[in-house]
Visitor: 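Encoded as structure tokens, here's the structure I'll be asking about.
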Amino acid sequence: MKPFKIITWNINSVRLRLPLVEQLLDHEAPDVLCLQETKCPDDKFPDAALRKCGYPHIAKFGQKGYHGVATLSRHPFKSSFSRDFCAKGDARHIAVDLSVGPGLRIHNFYVPAGGDEPDPAINPKFEHKLRFVDEMKAWIGGEEAARPAILVGDLNIAPYESDVWSHKQLLKVVSHTPVETEALEAIRETGNWIDTQRHLIPEPEPVFTWWSYRSGNWEVANKGRRLDHIWASQSLSGTIAATRVLKHARGWDRPSDHAPVVTEFTF
DNA sequence: ATGACGGATCTAATCCGA
């Protein structure tokens, strides 16, 4: 049976990198592609070009300049909706219900980055990030974990020691501080979600999905972090067949600083 | 400093990413 393939990718501007998205869809032909940081209002989203690639079903929630998520699919949706985390009105989540298979729900998240200073008392961006993941725990850890579901996205947290190039040097760096990694692990454990990457690639093997634009030679330095995730609800356990990071996409011309992450399921 | 790039925006210098 043909596996069900899902990809998540922080694209860092879908309009600027439309040719890269088309290239990815051509080469990988996923069933579903979830994009984050589309930086594109809904009325400017390149629907027509992406439909032409074989993805007629598009659920998008964008805004001007920042954030933005979109889910493209070969299969029709029964419905889609967004939840307004922290009641800020920003475009950080979209969910779709597929009308094929076991009534699968797919959540696509762009969790706040959190700024520089890992102290909620002096950094409102970090305070927002902690509030966001707290709200995720209440919802994603409860009722939403009980259905067949896949949760993907740029969660902006690298939870485990081998998810960063140096655990010790990043303990006080936003994305790998204990308050963040413990919060993400609490969401996952509360909902009994399966981290599909670590399910098939256990620690201590390093897995990175993001390399900063700022290091001259990202590939040689390899100072990466695993910020992009694909989780599966417990009812999909036993269907998780393969996972990989498409690291070569980080080396494409004018790349995103995130690489796409793929997981395949055999439903 | 890990590090000093890259995107969007009322096209210039500013905010943001993580």
Side-chain angles (χ1 to χ4, degrees), chain A residues 8-21 35-46 60-70 85-86 88-93 109-120 122-133 136 153-184 206-229 245 249-261:
Chain A
T8 183
W9 195 13
N10 178 318
I11 191 61
N12 188 15
S13 173
V14 69
R15 284 176 287 178
L16 188 69
R17 283 184 242 289
L18 179 59
L20 302 191
V21 177
L35 297 172
Q36 303 85 33
E37 279 207 89
T38 54
K39 297 185 175 179
C40 180
D42 288 346
D43 60 357
K44 300 248 172 47
F45 195 87
K60 56 191 185 279
F61 181 29
Q63 65 182 80
K64 191 161 83 174
Y66 306 105
H67 322 315
V69 288
F85 284 82
C86 303
K88 288 177 82 83
D90 46 7
R92 296 183 176 276
H93 167 261
F109 275 96
Y110 176 53
V111 173
D116 282 320
E117 196 58 53
D119 180 353
I122 60 169
N123 175 8
K125 291 178 187 172
F126 196 68
E127 189 271 340
H128 175 213
K129 184 178 197 175
L130 295 185
R131 222 157 18 94
F132 193 102
V133 294
M136 276 177 83
D154 177 2
L155 305 186
N156 266 321
I157 298 172
Y160 306 131
E161 294 195 10
S162 44
D163 292 336
V164 291
W165 65 274
S166 167
H167 170 62
K168 210 173 160 187
Q169 290 180 77
L170 287 171
L171 271 170
K172 290 181 176 162
V173 174
V174 172
S175 73
H176 194 63
T177 65
V179 64
E180 295 169 85
T181 59
E182 284 162 17
L184 190 67
V207 178
F208 305 148
T209 67
W210 173 87
W211 293 263
S212 172
Y213 283 128
R214 297 191 196 187
S215 57
N217 198 334
W218 69 274
E219 199 165 13
V220 172
N222 199 27
K223 291 178 172 174
R225 306 176 200 172
R226 186 171 73 104
L227 303 179
D228 303 275
H229 300 268
V245 178
R250 180 62 179 80
W252 285 349
D253 194 37
R254 297 198 77 186
S256 167
D257 46 356
H258 293 254
V261 178

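All chains are named by letter (A, B, ...) in the order of the sequence lines, taking the proteins before the strands, and each is independently numbered beginning at 1.
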Visitor: Given the P atoms of B:dT14 and B:dA18, what is the spacing between them in whole Å?
Guide: 23 Å
Visitor: Please report the distance separating the C1' of B:dA1 from the corresponding atom of B:dG7, rounded so that it comes out in whole Å.
Guide: 23 Å
Visitor: How far, in whole Å, is B:dG3 from B:dC16 if one measures between their C1' atoms?
Guide: 16 Å
Visitor: CD of A:Q36 versus P of B:dA18: gap in Å, rounded?
Guide: 10 Å
Visitor: Within this structure, what is the CZ-to-P distance between A:R250 and B:dG17, rounded to whole angstrom?
Guide: 18 Å
Visitor: Just checking, any donor-acceptor pair under 3.5 angstrom between side chains of A:E37 and A:N10?
Guide: yes
Visitor: For the residue pair A:W9 and A:W252, does the interplanar ring angle fall in the parallel (under 30°), tilted (30 to 60°) or perpendicular (over 60°) class?
Guide: perpendicular
Visitor: Could you state the CG-C1' distance from A:N10 to B:dA18, rounded to the nearest angstrom?
Guide: 11 Å
Visitor: Please state whether the rings of A:H258 and A:W210 are parallel, tilted or perpendicular, taking 30° and 60° as the class boundaries.
Guide: tilted
Visitor: Please determine, by modelled atom types, if A:R17 and A:S256 share a side-chain donor-acceptor pair under 3.5 angstrom.
Guide: no
Visitor: Between P on B:dA1 and CG on A:L171, what's the gap in Å once rounded to a whole number?
Guide: 17 Å
Visitor: I'd like the C1' distance from B:dG6 over to B:dA12, given in whole Å.
Guide: 16 Å
Visitor: Count the heavy atoms of every other residue, nucleotide or ligand shown that sit under 6.0 Å from CG of A:N217, and state whether that count exceeds 12.
Guide: yes
Visitor: Just by distance, no angles: are the side chains of A:T8 and A:Q36 close enough, under 3.5 Å, to form a donor-acceptor pair?
Guide: yes
Visitor: Taking the P atom of each, how far is B:dC10 from B:dC15, in whole Å?
Guide: 15 Å
Visitor: How are the rings of A:H176 and A:H167 set to each other: parallel, tilted or perpendicular (split at 30° and 60°)?
Guide: perpendicular
Visitor: Students often get this wrong, so: under 4.0 angstrom with heavy atoms, is A:F126 touching a base, only sugar-phosphate, or nothing?
Guide: nothing
Visitor: Scan A:H176 against the nucleic acid and name what it touches under 4.0 Å (heavy atoms): base, sugar-phosphate only, or nothing.
Guide: nothing
Visitor: Can you build the contact string for nucleotides 2-9 of chain B? Use B for base contact, S for sugar-phosphate-only contact, and - for no protein heavy atom under 4.0 Å.
Guide: BBBBSSSS
Visitor: Need one value for A:N217: base, sugar-phosphate or nothing, where a base atom within 4.0 Å counts as base even if backbone is also close, heavy atoms only.
Guide: nothing
Visitor: With rounding to whole Å, what would you report as the distance between B:dT2 and B:dG17 at their C1' atoms?
Guide: 15 Å
